[in-house]
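Proteins get letters first, then strands, A, B, ... in listed order; numbering begins at 1 in each.
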2 protein chains.
Amino acid sequence: MAPQTAAKTQDLSSPRVILEHFLPYRLNVLASLSSNALAQIYAERFGLSIPAWRVVATLGQYEYRTARDIAAHGVMHKSTVSRAVASLERRGLIARRPNKDDRREELLELTAEGRDIYEALAPEALAFEERFVSVLTHEEQRLLASLIDRLSGHARQLAPDGEVEG
Amino acid sequence: MAPQTAAKTQDLSSPRVILEHFLPYRLNVLASLSSNALAQIYAERFGLSIPAWRVVATLGQYEYRTARDIAAHGVMHKSTVSRAVASLERRGLIARRPNKDDRREELLELTAEGRDIYEALAPEALAFEERFVSVLTHEEQRLLASLIDRLSGHARQLAPDGEVEG
DNA sequence: GCTTATTAGTTGCACGTGCAACGAGTCAAT
DNA sequence: ATTGACTCGTTGCACGTGCAACTAATAAGC
């Protein structure tokens with residue numbers, strides 16, 4: 001033991017990251033759990049990848065969107081969206097239509113068949129979410145949502161540039 | 001309009017998923033934001049992938065662990081861990097030592113060099129976490145942690161089988 | 001009008017990852 | 001001892017994804 005100071009041996013080792021308490025780690029585990037469980041619904045039953053599901057969900061919600069909007073909104077890389085869009089178009093689930101005002105971009109929308117899938121999927125997704133959060137009271141759900149919102153807003157400032165995989 | 005009932009046209013369309021309110025989506029976006037920001041630290045400065053960082057962090061915290069433990073604990077696929085371990089071993093950051101009691105498994109530990117990296121990384125990871133959650137009060141942080149814990153426990157029951165990417 | 005910078009979207013490439021199949025080791029039953 | 005079920009870890013394969021470079025279109029500077 002050091003004679004001069006009362007330093008404990010613990011002080012000589014640097015701080016440790018306790019993974020069970022480490023927020024980025026915990027968030028990723030929880031996000032993966034929810035993502036994978038949800039993916040079983042849209043992957044096994046409709047053959048949709050995660051990005052494809054997001055494109056369908058965005059167009060189901062918003063009617064018309066450009067690929068760029070979906071990428072920014074869904075926080076995905078533009079190449080990821082590009083490939084998901086190409087795949088969905090090959091399957092006849094979405095249609096693209098050039099924007100006459102700016103011919104660089106294309107407006108995307110669900111076809112009738114795509115909307116059928118969305119309308120089959122949406123209730124199941126909502127039902128899953130309900131099961132998922134059923135351990136929390138409504139008040140806790142509301143609180144969690146607001147904490148996530150504040151953290152997300154702050155995190156986007158910390159990582160300012162562009163798209164982030166979601 | 002239907003003459004008999006006061007049904008609105010809205011009622012004819014199926015329910016929609018509002019992505020901005022959809023918890024699996026929001027969780028994934030937030031997890032990605034934190035993950036990517038954190039990855040800048042250990043990727044750019046130490047050349048570690050996410051799984052490699054998790055192996056190092058686990059061994060930094062626990063001293064000895066098997067690959068299987070790390071996979072289960074870190075919620076990763078065993079092949080993912082296997083490759084991260086192989087890569088870290090090639091770089092001389094971890095060492096493996098067969099378990100004499102059960103020669104199927106190998107005990108992993110950080111080498112001196114691996115520990116150096118961990119000790120450089122851990123304070124930065126903790127500092128990042130602090131910046132990340134600094135928008136929340138301590139009480140809110142504590143609350144968020146408990147909500148995440150309860151959701152994670154519940155989610156593991158919903159998706160019972162095995163490993164989940166983190 | 002021309003030149004340069006910027007933006008939407010695509011694609012080749014490299015790489016990380018999940019899956020399934022496999023080898024090696026353990027354990028239980030007989 | 002032998003068989004069969006199970007577990008730890010590795011690896012071939014296919015595929016999804018990020019990155020950077022590219023095309024086409026637009027916008028800005030002059």
Roughly how many Å is it from [atom1] in [X] to [atom2] in [N], rounded to a whole number?
{"X": "Lys78(A)", "N": "dT11(C)", "atom1": "NZ", "atom2": "C1'", "value": "11 Å"}
{"X": "Met76(B)", "N": "dC19(C)", "atom1": "CE", "atom2": "C1'", "value": "17 Å"}
{"X": "Leu108(B)", "N": "dG9(D)", "atom1": "CG", "atom2": "C1'", "value": "11 Å"}
{"X": "Arg83(A)", "N": "dT11(C)", "atom1": "CZ", "atom2": "P", "value": "9 Å"}
{"X": "Ile50(A)", "N": "dG18(C)", "atom1": "CD1", "atom2": "P", "value": "11 Å"}
{"X": "Leu88(A)", "N": "dG9(C)", "atom1": "CG", "atom2": "C1'", "value": "16 Å"}
{"X": "Glu106(B)", "N": "dT7(D)", "atom1": "CD", "atom2": "C1'", "value": "14 Å"}
{"X": "His77(A)", "N": "dA8(C)", "atom1": "NE2", "atom2": "P", "value": "13 Å"}

Checklist entry - Is any N or O donor-acceptor pair between the side chain of Arg96(A) and the base of dG9(C) shorter than 3.5 Å? => result no
Notebook entry, point to check: Within the structure shown, what part of the strands sits under 4.0 Å from Thr66(B) by heavy-atom distance: base, sugar-phosphate, or nothing?
Noted result: sugar-phosphate
Under the 3.5 angstrom rule, does the side chain of [X] hit a backbone N or O of [Y] as a donor-acceptor pair?
{"X": "Ser32(B)", "Y": "Asn28(B)", "result": "yes"}
{"X": "Arg26(B)", "Y": "Glu20(B)", "result": "yes"}
{"X": "Arg16(A)", "Y": "Gln61(B)", "result": "yes"}

Per-nucleotide protein contact along nucleotides 23-28 of chain D, 5' to 3', at a 4.0 Å heavy-atom cut-off (B base, S sugar-phosphate only, - neither), is --BS--
Value for NE2 (His154(B)) from CG (Leu151(B)), rounded to nearest 0.5 Å, stands at 8.5 Å
Sub-4.5 Å side-chain heavy-atom contact between Leu48(A) and Arg91(A): yes
Measure the shortest side-chain to side-chain distance between Ile50(B) and Ser35(B) over non-hydrogen atoms and say whether it is less than 4.5 angstrom. yes
Walk me through whether Glu105(B) and Arg68(B) qualify under salt bridge (charged side-chain N to carboxylate O under 4.0 Å, His left out). CA-CA 8 Å; Glu105(B) 60 183 27; Arg68(B) 198 211 156 275; over 6 Å; no
| said: Does a side-chain N or O of Ser82(A) approach OP1 or OP2 of dT10(C) to a distance below 4.0 Å, or not? | reply: yes
- Query: Does OP1 or OP2 of dT10(C) have a side-chain N or O of Ser79(A) closer than 4.0 Å?
  - Reply: no
From the candidates dT17(C), dA8(C), dT17(D), the one with an atom nearest any side-chain atom of Arg68(A) is dA8(C)
